[in-house]
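Structure first, then comments.
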Amino acid sequence: MRLTTVGTGTAAPVADRVQAGHLVESGGVRILLDCGSGVSFRLAALGVDWRTITHVALTHFHADHVLDVPTLLTAWRYGMLPPRSAPLEIIGPPGTAALIDRMTEALGIRWREYGFPVTIRELSPGERLTLADDFIIESRSVPHTPESVAYLIEGAAHRIVYTGDTGYDEGLARWAAGSDVLLCECSLPSSMAMPTHLTPEQVGTIAKIATPQLLAVTHMYPPLENVDIPAAIAAQHEGPVVVCHDGWSTEL
Ligand SMILES: [Zn+2]
Ligand SMILES: [Zn+2]
């Protein structure tokens, strides 16, 4: 199983971080977790094949996590020759189908006529979905927006947990226990703490409970760029930490 952090940024446009998007690949499954603005072009810049993505899973409906879904749908029809024919599954919390409809209707993207079957699967929190033989995705509600979820991806004897955007939640930390990689949002310094995002110190507390083999942090707003994130985390959590950049990748 391979994890690539394609986009490690936020709603703030910065030079080196596009918005949220992370690719998990295992066997024939290539699932993109979130799909914010810039993710499709960053995939191309990294030399990662965007044409053969099999699934897109959205954690919530904020623009910095969904804006490139219309970009990719358009790319799969008009940006490759021959156009895509392989099926695509879009996964997300309840409301995902309405979101896709509204975004694409506004832009005149008639994806139902694009020649590749698209299935939209709304997962209720706690539900598990089989993506391939032994490869599953499970969601869990997190405190950010009402629909927000975290995802567990499990397959080939490995587990990746991606928090999406979340505030501090001890239950989330316990749910993430046993993960090989905990890909955790880390938005703001403690001086700007808010209940719907995490500070490095809170990420450290979550990791202390979850004890992942590797803690990978993402979704850093610009005020964090001058903070020593690993040091702040290390005050709580002793395990290995990586502050991800666009294109960071690990093989499990
Ligand atoms: Zn976000
Ligand atoms: Zn958000």
Side-chain angles (χ1 to χ4, degrees), residues 3-24 31-43 56-72 90-96 98-100 102-103 122-123 125 139-153 160-169 171-173 175-176 181-190 192-203 206 215-225 227 229 242-248:
L3 165 67
T4 304
T5 55
V6 179
T8 58
T10 62
V14 295
D16 54 350
R17 297 187 191 280
V18 301
Q19 295 184 343
H22 312 288
L23 186 68
V24 177
I31 182 167
L32 188 61
L33 305 174
D34 283 333
C35 192
S37 178
V39 166
S40 53
F41 278 71
R42 185 67 89 208
L43 283 166
V56 176
L58 304 176
T59 59
H60 66 295
F61 306 152
H62 277 157
D64 58 318
H65 295 252
V66 305
L67 278 175
D68 256 13
V69 173
T71 308
L72 277 179
I90 300 176
I91 298 160
T96 297
L99 173 84
I100 300 296
R102 287 200 307 271
M103 282 201 296
E122 296 190 341
L123 270 193
S139 72
R140 184 191 193 281
S141 222
V142 293
H144 181 65
T145 57
E147 79 282 4
S148 289
V149 294
Y151 285 122
L152 163 68
I153 307 281
I160 294 171
V161 169
Y162 170 46
T163 63
D165 286 3
T166 185
Y168 182 75
D169 180 1
L172 168 66
W175 182 75
V181 180
L182 172 56
L183 178 59
C184 191
E185 83 116 279
C186 183
S187 288
L188 295 165
S190 52
M192 299 172 70
M194 57 173 70
T196 53
H197 282 297
L198 295 174
T199 67
E201 290 77 6
Q202 290 171 319
V203 172
I206 285 176
L215 172 65
V217 300
T218 185
H219 204 269
M220 282 74 66
Y221 271 91
L224 268 183
E225 296 292 352
V227 172
I229 296 171
V242 58
V243 178
C244 296
H245 58 266
D246 291 13
W248 175 81

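We count ligands from 1, going down the list as the structure has it; atoms in each ligand are counted the same way. Below, each value reflects all heavy atoms present in this structure, side chains not excepted, and no hydrogens, waters or symmetry copies. For reference, positions follow the sequence shown, starting with 1.
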Where the side chain of D34 meets the backbone of A20, is there a donor-acceptor pair that is under 3.5 Å apart? no
Ion pair R42/D68, N-O distance below 4.0 Å: no
D64, N/O/S atom nearest the Zn ion (ligand 1): OD2
If you consider just the N/O/S atoms, which atom of D165 is the closest one to the Zn ion (ligand 1)? OD2
Can you tell me how far the CD1 atom of I31 sits from the CD1 atom of I153, to the nearest 0.5 Å? 4.5 Å
Output for pair (E147 CD, S141 OG), nearest 0.5 Å, gives 9.5 Å
Can you tell me which N/O/S atom of H62 has the shortest distance to the Zn ion (ligand 2)? ND1
Could you tell me the angle subtended at the Zn ion (ligand 1) by NE2 of H65 and NE2 of H219, rounded to 10°? 100°
